[in-house]
Amino acid sequence: MPQPPRHNLPAEPNRFVGRERDLDDLCALVAENRVVTLCGVGGIGKTRLALRVAAGLVPAYPDGVWLVELARFGRAELVVPEIARVLGMSEEAGRPLFDTVTARLRGLRCLLLLDNCEHLVDTCAEVTARLVADCPRLSVMTTSREPLRIASELIWRVPPLELPDADSDDAESADAESVQLFMDRATAAGTRLGPGSLPDIVRLCQALDGLPLALELAAARTSLLSPGQIADRIDDRFSLLTTGGRTAPARQRTLLAAVEWSYDLLSAKEQVLLRRLSVFAGGFDLDLAEQVCVERPISRAQIVDLLGGLVDKSLVLCDESRTRYWLPETIKRYALERLEQAGEREVLRERHLDVICRLQERHFVTEMIESGVPWRERLRALTASKSLLDDRRVALDWAAESGNVPLGLRLCTTSTGLLPIVGNLTGIVAWIERLLSLDLTHVPDEQIAQAKAYLSYGLEARDELGRSLEVAEQSLAGLSPDNEWVRCGMHSLMVVVLLRMGRADEAVRHAEEGLARATRSGDAWNQAAGLAGLSAVALTRGRLREAQRLGEEALARARQHGHRWIMARAAAQLGAVAEARGDLVTAKAQYEMAVPWLRELDGDADLARCLARIGRVAAMLHEFGTARERLAASLALSRGAGQRQSVARCLAGLSVLAEHEGDLEGAVLAAAAATTLRESIGQHSATIRIEELLGRARAKLGEGRTAALWSRGRVMSPDDAARHVLEGKRPAPRGPVAAEPAKHSLLTAREQEIASLLTRGLSNRAIAEELVISPATVARHIANIMEKLGYTSRAQIAVWAAERTSRSSA
């Protein structure tokens with residue numbers, strides 16, 4: 001498998017000029033100090049220099065160099081979530097996100113680059129101090145206009161580019177860094193400057209104090225003005241601005257002068273467009289610019305030329321294909337101030353919210369709802385939706401700030417990333433709860449009900465099952481009868497929640513209702529979801545043939561829709577059915593079928609789960625190479641996302657692998673580590689599988705050795721336990737290890753009785769009638785049995801009970 005990237009640093013947009021000595025000094029300082037902050041005025045080149053240093057240090061950090069861009073965030077509480085997002089982590093139920101990040105970084109040798117900290121400096125200081133205290137191998141480099149002022153910080157003031165000395169000859173002047181930068185950028189702008197221009201270039205560089213941004217802005221104007229003309233204008237502008245901002249550093253006043261001058265040289269319509277473009281949080285394309293920024297005095301037909309002019313003047317940047325544009329941060333902040341001064345902030349932000357809303361709705365319908373849409377078109381809609389993440393966040397902030405709850409809720413309920421598809425589901429909870437806490441006087445009841453539907457998805461992802469079920473029921477009660485899409489989604493979600501709660505009899509009603517509605521409306525997505533839910537219910541009840549038939553129908557409907565996520569879900573359900581009936585070859589094939597679909601979606605959580613299943617089944621099939629590869633890949637994804645439950649799942653699979661390879665010691669260690677990890681997140685850890693494993697270990701290794709291994713594994717880190725199995729030396733496999741019966745059953749007498757009745761395929765109601773107890777009590781007992789045995793279906797319990805009966809009668 002290809003190695004994961006060890007950094008997320010962007011490619012350099014143009015040639016890096018000068019600063020060779022600075023680069024050498026900084027590389028040495030970062031190697032010797034835990035925290036290095038590059039300080040300096042805006043436009044001094046902090047970010048560009050830091051990125052260059054970071055790129056040179058990638059080989060020195062085996063666990064990666066990771067850029068965290070903070071400029072676009074306006075709220076301190078988003079710093080830790082952004083670090084987690086860059087590192088591929090997501091929130092865990094009942095655990096502060098910072099703790100998840102710290103646990104992930106604690107043993108890693110990596111470098112974090114926190115860029116543009118000045119507007120969040122207090123939070124960045126606190127987070128950095130705590131990270132370096134808790135993670136001894138972590139290094140942090142930050143860029144900021146002011147120091148973090150923490151104990152471990154080394155402050156490095158970024159100097160201006162080297163300027164020519166007053167008495168330098170032409171050759172020496174031409175070699176100065178500031179002159180080299182100006183010449184390079186002027187050439188890139190299409191201007192060829194001869195030796196006769198050198199004195200004016202030197203004068204210009206000195207007037208701009210060697211500030212890289214100011215030099216680049218000036219160089220962009222050489223297509224219209226000579227270096228002498230530019231220098232003359234800059235000198236005049238500086239003299240006008242020196243009377244303002246007396247407490248600001250001189251270089252900051254110089255940068256302001258350069259930006260102000262550049263802005264003043266624009267045409268009136270270019271100025272209007274630049275300040276309106278500042279509402280975008282991330283990049284934007286031409287279509288988005290046209291929809292948000294077109295209004296008097298700018299017409300749609302003028303946008304292309306005006307935007308092109310801003311790109312040529314280096315006030316707007318673009319990719320090589322000129323399809324994606326963005327404003328440099330300093331320019332954007334200046335333009336935002338101008339937008340405020342022009343009295344356009346509120347109207348532009350409201351229009352931005354409205355446009356992002358309509359775009360999301362269009363992408364959502366194309367990706368999820370329209371029938372007969374080719375997959376490539378659905379994927380393009382999903383990709384386009386994901387590209388709006390930053391603007392979606394800013395738009396939702398404005399919806400909450402301005403009290404525009406209807407538009408905010410519309411945006412929440414049409415963002416695919418807020419569904420269980422590639423996005424971080426738990427993120428929807430905070431947004432919807434924030435909006436629903438505002439004045440809802442003018443919000444239709446139908447929209448509130450629909451918002452609660454999406455809220456329930458996020459609550460289920462956070463393992464708040466009881467609340468998720470309650471909110472889903474409220475949603476169904478408030479939705480209009482003809483809102484088929486959301487109603488079907490709610491029924492499918494309630495199936496998942498109820499099965500997780502051990503209430504299969506209630507789940508079947510929702511699965512049937514959702515399927516009936518989807519069938520009437522011709523909705524292939526929700527037909528597939530309903531059939532998959534019914535298959536899961538049948539599997540829980542031990543009805544394997546019915547579960548197989550329903551699973552096959554679910555996959556057929558999923559293929560009809562074409563979305564890879566619902567196809568992967570149906571394939572995984574068929575894998576679970578095959579595994580329950582003991583057909584490991586088919587189970588592995590079904591799980592493998594889902595892998596490329598999940599990879600296409602970048603759905604790491606679902607992919608990690610699927611890979612762990614493949615690894616476990618492959619181990620039982622003695623396909624050890626495949627098992628090791630799949631479990632290692634699953635572990636990397638789970639560990640990267642900071643999800644302890646997924647890591648525990650991988651450790652359980654590694655325990656199976658080790659035992660089937662003949663490494664009982666590794667099996668015990670991995671099982672013990674998995675047990676500790678599960679207990680740390682409140683999961684029941686005692687299972688028959690573990691007890692039987694320990695029984696086999698005692699028989700082969702002895703009571704004392706087994707106890708010592710178990711104790712060692714209980715305090716072993718998950719990484720060390722996994723490494724023992726994945727990399728340790730194991731004896732050659734000598735065939736499957738015969739299972740020994742557990743010495744002491746973990747089930748109560750009543751639970752053993754119910755497990756025995758499951759071998760007859762009885763429903764909860766039938767078992768309740770036979771034992772004269774309530775169906776709800778039966779459901780609770782079955783949930784306890786699954787937890788203790790480590791199983792996920794009634795069929796597995798039935799097989800286990802039948803095997804124990806046959807052993808006892810033999």
Side-chain angles (χ1 to χ4, degrees), residues 92 95 99-100 103-104 106-108 608 611-613 615-616 618-620 624 627-628 630-639 642-734 736-746 787-791:
E92 293 181 275
R95 188 189 198 195
D99 292 351
T100 299
R104 170 74 179 106
R106 185 164 290 125
L108 300 186
L611 291 173
R613 289 171 172 172
R616 183 188 66 244
M620 292 188 285
F624 299 131
R628 183 168 291 101
R630 294 309 202 190
L631 286 167
S634 176
L635 182 65
L637 290 172
S638 303
R639 192 167 47 195
Q643 295 298 297
R644 291 173 294 172
Q645 183 174 357
S646 296
V647 172
R649 186 188 300 115
C650 293
L651 289 171
L654 288 170
S655 177
V656 174
L657 170 62
E659 183 173 8
H660 280 270
E661 285 188 311
D663 179 15
L664 264 178
E665 292 190 2
V668 172
L669 289 172
T675 297
T676 299
L677 195 55
R678 282 180 172 141
E679 289 176 351
S680 74
I681 55 178
Q683 289 188 341
H684 199 290
S685 59
T687 68
I688 288 291
R689 286 179 176 180
I690 290 178
E691 190 66 23
E692 291 180 345
L693 167 64
L694 294 177
R696 293 190 289 274
R698 294 186 190 106
K700 184 173 182 179
L701 305 175
E703 185 77 33
R705 178 62 178 157
T706 300
L709 285 168
W710 182 259
S711 298
R712 178 183 163 200
R714 290 279 279 169
V715 298
M716 183 179 281
S717 74
D719 283 354
D720 287 342
R723 196 176 298 114
H724 181 94
V725 178
L726 291 171
E727 302 175 6
K729 293 182 179 179
R730 292 168 296 281
R734 291 173 291 184
V737 180
E740 297 285 342
K743 293 184 177 181
H744 304 288
S745 174
L746 298 176
E787 190 69 44
K788 290 182 179 182
L789 298 181
Y791 294 156

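Source: prediction; values computed, not measured. Count residues from 1 along the sequence.
Arg649 has its side chain out of reach of Ser638: every pair of non-hydrogen atoms, C-beta onward, lies at least 4.5 Å apart. Between Leu657 and Leu654 there is a side-chain heavy-atom pair separated by less than 4.5 Å. Proximity of Leu635 to Val647: side-chain heavy atoms (C-beta onward) are separated by under 4.5 Å at one or more points. Here the side chains of Ser634 and Leu637 are not in contact, with every heavy-atom distance at 4.5 Å or above. Put simply, the side chain of Glu679 reaches to within 4.5 Å of the side chain of Arg714, judged on heavy atoms. Side-chain atoms of Leu693 and Trp710, non-hydrogen and from C-beta on, never get closer than 4.5 Å to each other.
Of all heavy-atom pairs between Ala633 and Leu611, the closest is CB-CD1, 3.9 Å. For the pair Leu664 and Lys700, the tightest heavy-atom approach, listed with the atom from each and the gap, is CD1-CD, 3.5 Å. When all heavy atoms are compared, the tightest approach of Ala667 to Ala658 is N-CB, 3.4 Å. Looking at every heavy atom in both residues, Arg95 comes nearest to Ala103 through NH2-CB, 3.4 Å.
For the atom pair Leu669 CG and Asp720 CG, the distance stands at 10.0 Å (nearest 0.5 Å). Between Arg678 atom CZ and Gln645 atom CD the span is 8.0 Å, to the nearest 0.5 Å. To the nearest 0.5 Å, atoms CE (Met620) and CD (Glu659) are separated by 11.5 Å. The distance from atom CG of Leu677 to atom CZ of Arg644, rounded to the nearest 0.5 Å, is 7.0 Å. Atom CG in Leu651 sits 11.0 Å away from atom OG in Ser646 (nearest 0.5 Å). Here the NE2-OG distance, from His660 to Ser655, works out to 9.5 Å after rounding to the nearest 0.5 Å.
Between Arg712 and Glu665 no salt bridge is recorded (no basic side-chain N to carboxylate O distance below 4.0 Å).
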Next item on the list: I would like to know whether Asp99 and Glu92 meet side-chain contact (heavy atoms from CB on, under 4.5 Å); could you show each step before the answer?
Entry: CA-CA 10 Å; Asp99 292 351; Glu92 293 181 275; over 6 Å; no
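In this structure a side-chain-to-backbone donor-acceptor pair under 3.5 Å is present from Arg104 to Arg639. Put simply, the side chain of Thr706 gets close to the backbone of Ala697: a donor and an acceptor are under 3.5 Å apart.
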